[in-house]
Amino acid sequence: MVPPPMALPQESAESTLVADQASLQDGVAEATGNVRLERNGQALEAPFVRYNRESGRAQARDGMQYYRPGIYLTADNGDVQINDETGNFNAATYSIITNGGRGKAGTVTALGGGAYELTDADYTTCEGETKAWLLSADRIELDRESGRGEAFNSVMRFYGVPVFYTPYLNFPIDDKRHTGVLPPTFGSSSDSGFELAVPYYINIAPNYDATIVPRVLADRGLQLGGQFRYLHEHHRGEFDGEYLPSDNEYGDDRALFHFEHIGQLNEYVGVEANYTQVSDDEYFDDLSNDLASTSTSQLERAVRLTLADTGVRFTVLAQDFQTLDDLQDEDDDNFDRAFSNDPYRRLPQARLEMLSPSSPFRAGLNAEFTNFQRDDDIDATRSEVQPRLLWGVDQGGWYANSEASYRLTRYSLRGFDDAQNFTRADVGDDDVITRGIPQFNAETGLRFARTFNDGWVQTLEPRMQYLYTGYEDQSDIPVFDSGVADLHFDRLFSDNRFVGSDRIGDANQLTLGVSSRFIEPDSGRTVAKLDLGRVTGFRDLRVNLPNSGEVGYGDRGSDYVAGLELRPTDNISARTTVQYDPDDSRVNRAIASASYKTDGGYQLDLAYRRYRDYRPQREITVVGDTRQAQVVPGEYESLEQTAVGLRAPVTANLDVLGRWNYSLERSQNVETLAGFEYRPSCCWAGRVAWRRYVADDDGSFDTAIMFQFVLNGLGQFGDTVQSFVDDDVYDEDDRGRSSSSSFDTIRFP
């Protein structure tokens with residue numbers, strides 16, 4: 001808030017008039033010279049003022065200044081009703097104290113209650129004589145109570161050049177949420193041509209709002225989108241939708257619907273729900289310029305109820321998916337179906353977890369029931385019970401714990417007549433498959449710390465785990481929800497080398513690992529952290545997923561896994577994870593990234609990653625408008641990528657930015673981005689970015705140009721360049737990536 005260039009009045013209901021000369025007759029005062037009138041938080045200054053104390057009318061001429069809370073005016077002359085804060089001002093300039101808005105007007109009419117009407121007026125938030133942007137209008141209405149301004153028959157000028165006309169514009173004059181037209185966004189892409197969207201925001205209530213977004217796509221037509229949001233003490237959620245009738249490029253209607261909700265029914269029960277539906281497989285490829293959206297292969301629909309209390313957790317899940325562009329093997333063989341990106345539905349899944357109160361010995365029980373369904377495929381119910389007995393002690397400098405359990409699983413298979421890809425020969429002769437597997441693990445670790453003379457602290461934390469899991473042939477169990485997890489340091493100490501329950505990996509193994517940290521004394525920052533570990537097996541591993549291309553485990557143990565994190569200063573950070581196969585003397589997985597940031601705004605990001613046997617090799621052929629894919633048995637794709645991100649302040653007002661993501665495996669650009677941000681003053685900024693990226697799951701590219709103009713006091717015009725510019729070069733968590741969810745990902749080809 002900027003104070004006006006005049007002394008602020010005292011809060012008083014009494015009138016105070018100070019002048020060089022004054023006379024009073026019949027309750028009317030005439031004052032000349034340096035006249036100042038104060039009442040009810042208002043102040044008026046002028047060379048001449050006529051003031052009627054009874055009516056509260058003040059007339060000023062020969063140049064005047066007028067202040068009331070929230071606004072400051074100067075004018076040639078004015079007629080003010082001090083009591084009800086109304087009046088008229090001619091040849092005026094004004095300033096809105098709350099947001100720095102200012103301008104000139106032929107006339108200003110104060111309507112009372114903080115409302116003003118301006119004719120032949122302009123509006124800006126820029127200081128100085130030269131206005132970077134200026135809104136000129138036949139009429140402008142300002143309402144401090146609602147916090148909005150309205151302009152009629154207005155022209156936007158940029159450094160004096162007219163750039164935009166609108167018969168009506170609604171804009172904020174404070175920082176609150178208001179109903180009205182939001183600044184339009186515009187850009188261009190090779191898929192849709194020029195794009196223009198004009199959102200209209202509706203502030204329904206403090207905890208409800210909505211936005212309606214008409215969007216013109218030059219090559220496709222008119223799309224209508226909208227969003228409704230709600231917020232309560234224990235619930236929040238939103239509805240989103242888009243509809244594009246008769247897409248000129250696609251030849252049919254296009255639509256999207258999304259709903260999400262999270263809430264708490266009471267202190268014990270929570271609920272989560274989400275639902276997404278699109279009209280066709282190419283919806284995101286054609287109508288989104290976001291790399292993550294164009295990489296989407298499944299849309300989840302799920303409802304989850306969770307009941308939790310001390311020692312008990314019960315969850316019920318109903319889950320379905322819309323699969324986008326599920327490429328199927330033209331030979332319809334079992335191998336391709338196993339690696340389809342069409343997940344099974346869980347209708348429902350119920351899971352119970354119980355654990356007795358904390359003590360050296362605890363008893364627990366995990367139980368699960370899941371009903372799996374998938375079109376044209378074998379269906380099943382899976383019931384599982386796992387009683388557990390745990391023991392543990394932690395003495396600070398050392399700890400030890402152990403667990404013994406028995407996992408009993410029952411599959412009831414059905415739908416053989418409808419399954420196109422399975423026969424009874426694939427799963428044996430029985431409709432019912434049972435599995436009973438004992439398991440025992442024991443873990444212990446030490447915690448050492450030493451302090452150097454200069455105050456630095458080094459920790460050393462060796463840990464050891466023995467794991468025994470009984471072997472049972474599980475090759476006749478179809479794969480419903482299981483996959484191979486990426487191997488990292490913490491994963492070495494898990495009780496199953498697979499994710500999901502369709503495969504329980506046999507084990508008779510010892511895991512050894514060690515972690516060490518170096519801690520700076522002044523800041524307490526961990527400057528360096530090193531992890532190293534490996535699983536050593538005492539027998540050959542026998543359980544595996546069918547043709548999964550699993551990497552990380554050999555016949556007698558796992559790869560070596562090493563991780564290093566560095567933070568030598570507040571401005572520099574780096575991390576790397578390496579997975580090394582000692583049997584074949586090769587690196588199966590490597591991730592490395594480094595970031596350098598300065599207080600002056602410079603930022604440089606470098607990254608590299610490599611996965612061997614990332615997903616099954618597929619040959620895709622196009623016949624007419626139909627794409628067919630065939631998985632090549634025994635062949636797998638690898639992934640190897642580099643990425644560079646840069647932001648640099650070339651001058652005090654200009655930043656350049658760029659990002660380059662390149663696939664070494666395919667010798668192909670994944671994403672190239674270049675742009676700049678220009679901030680010549682505090683009242684506006686401009687951003688422009690050019691982006692070429694993989695936009696379809698067949699590897700085709702899209703090119704987009706995005707513009708964004710931020711006008712302080714009006715909002716921002718153009719696509720949100722910042723939304724994708726600020727992302728890390730590799731902004732994702734590699735841990736827990738299952739094969740079932742990564743085979744059809746093209747984000748990192």
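Residue numbers run from 1 in the order of the sequence given. Computed from a prediction, not measured in an experiment: that's the story for all the values here.
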Task: Working for side-chain hydrogen bond (donor to acceptor under 3.5 Å, both in side chains), residues Gln298 and Gln322 - done: CA-CA 6 Å; Gln298 296 113 19; Gln322 179 185 3; over 6 Å; no

TODO: Assess whether side-chain hydrogen bond (donor to acceptor under 3.5 Å, both in side chains) is satisfied between Asp253 and Tyr243, documenting all intermediate values.
DONE: CA-CA 8 Å; Asp253 297 348; Tyr243 179 66; 3.1 Å; yes

Task: Working for salt bridge (charged side-chain N to carboxylate O under 4.0 Å, His left out), residues Arg647 and Asp605 - done: CA-CA 9 Å; Arg647 175 186 290 271; Asp605 296 318; over 6 Å; no

Open item on the list: Would Asp476 and Arg435 count as a salt bridge (charged side-chain N to carboxylate O under 4.0 Å, His left out) here? Give the steps.
Closed with: CA-CA 11 Å; Asp476 58 347; Arg435 179 186 66 189; over 6 Å; no

TODO: Run the numbers on Asp240 and Gln227 for side-chain hydrogen bond (donor to acceptor under 3.5 Å, both in side chains), then give the verdict.
DONE: CA-CA 4 Å; Asp240 301 275; Gln227 179 189 72; 3.0 Å; yes

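No donor-acceptor distance shorter than 3.5 angstrom exists from the side chain of Arg304 to the backbone of Val271, with no hydrogens or angles considered. Checked by atom type and distance alone, the side chain of Asp247 pairs as donor or acceptor with a backbone atom of Glu249 at under 3.5 Å. Within the 3.5 Å criterion, the main-chain N or O of Glu260 finds no donor-acceptor partner in the side chain of Asn274. Between the Ser482 side chain and the Val479 main chain, no donor and acceptor come within less than 3.5 Å of each other.
For the pair Asn496 and Gly500, the tightest heavy-atom approach, listed with the atom from each and the gap, is ND2-O, 3.7 Å. Smallest separation of non-hydrogen atoms from Asn203 and Tyr208: OD1-O, 4.0 Å.
Using a 4.5 Å cut-off on side-chain heavy atoms (C-beta onward), Pro343 and Thr323 make contact. Side-chain atoms of Phe372 and Asp481, non-hydrogen and from C-beta on, do get closer than 4.5 Å to each other. Here the side chains of Leu324 and Val278 are in contact, with some heavy-atom distance below 4.5 Å. Side-chain contact between Phe480 and Asp379: absent, with no pair of heavy atoms (C-beta onward) separated by less than 4.5 Å. Leu287 is listed as a side-chain neighbour of Arg220, based on a closest heavy-atom distance under 4.5 Å. Side-chain contact between Val432 and Arg410 is present, with at least one heavy-atom pair separated by less than 4.5 Å. By the 4.5 Å heavy-atom criterion applied to side chains, Tyr553 and Leu487 are counted as neighbours. Using a 4.5 Å heavy-atom cutoff, the side chains of Thr577 and Gln579 are not in contact.
Here the options are Glu384, Gln474, Gln386, the test is side-chain hydrogen bond (donor to acceptor under 3.5 Å, both in side chains), and the partner is Thr409; only Glu384 passes. For the side-chain hydrogen bond (donor to acceptor under 3.5 Å, both in side chains) test with Glu640, the passing option among Tyr662, Tyr611, Tyr608 is Tyr608; the others fail.
Around CZ of Arg414, the count of heavy atoms belonging to other residues, nucleotides or ligands within 6.0 Å exceeds 12. Enclosure of atom CZ in Phe194 by more than 12 non-hydrogen atoms of other residues, nucleotides or ligands within 6.0 angstrom is indicated.
A cation-pi arrangement is absent between Arg503 and Phe498, since the terminal nitrogen or guanidinium carbon is not both under 6.0 Å from the aromatic centre and inside a 45° cone about the axis.
Applying the salt bridge (Lys or Arg N to Asp or Glu O under 4.0 Å) test to every pair with at least one member in residues 261-280, sequence neighbours left out, gives these pairs: Arg254-Asp280.
In this view, His261 and Tyr230, His235 satisfy the ring pair (Phe, Tyr, Trp, His ring centres under 6.0 Å) rule, not counting sequence neighbours. For Arg229, the salt bridge (Lys or Arg N to Asp or Glu O under 4.0 Å) test picks out Asp209, with sequence neighbours left out.
Using modelled atom types and a 3.5 Å distance limit, the side chains of Glu368 and Thr370 yield a donor-acceptor pair. Between Thr672 and Arg692, the side chains place no donor N or O within less than 3.5 Å of an acceptor N or O (distance only, hydrogens not considered).
The aromatic ring centres of Phe259 and Tyr275 sit 6.0 Å or more apart.
Between Arg345 and Asp375 there is a salt bridge, with a side-chain nitrogen of the basic residue lying less than 4.0 Å from a carboxylate oxygen of the acidic one.
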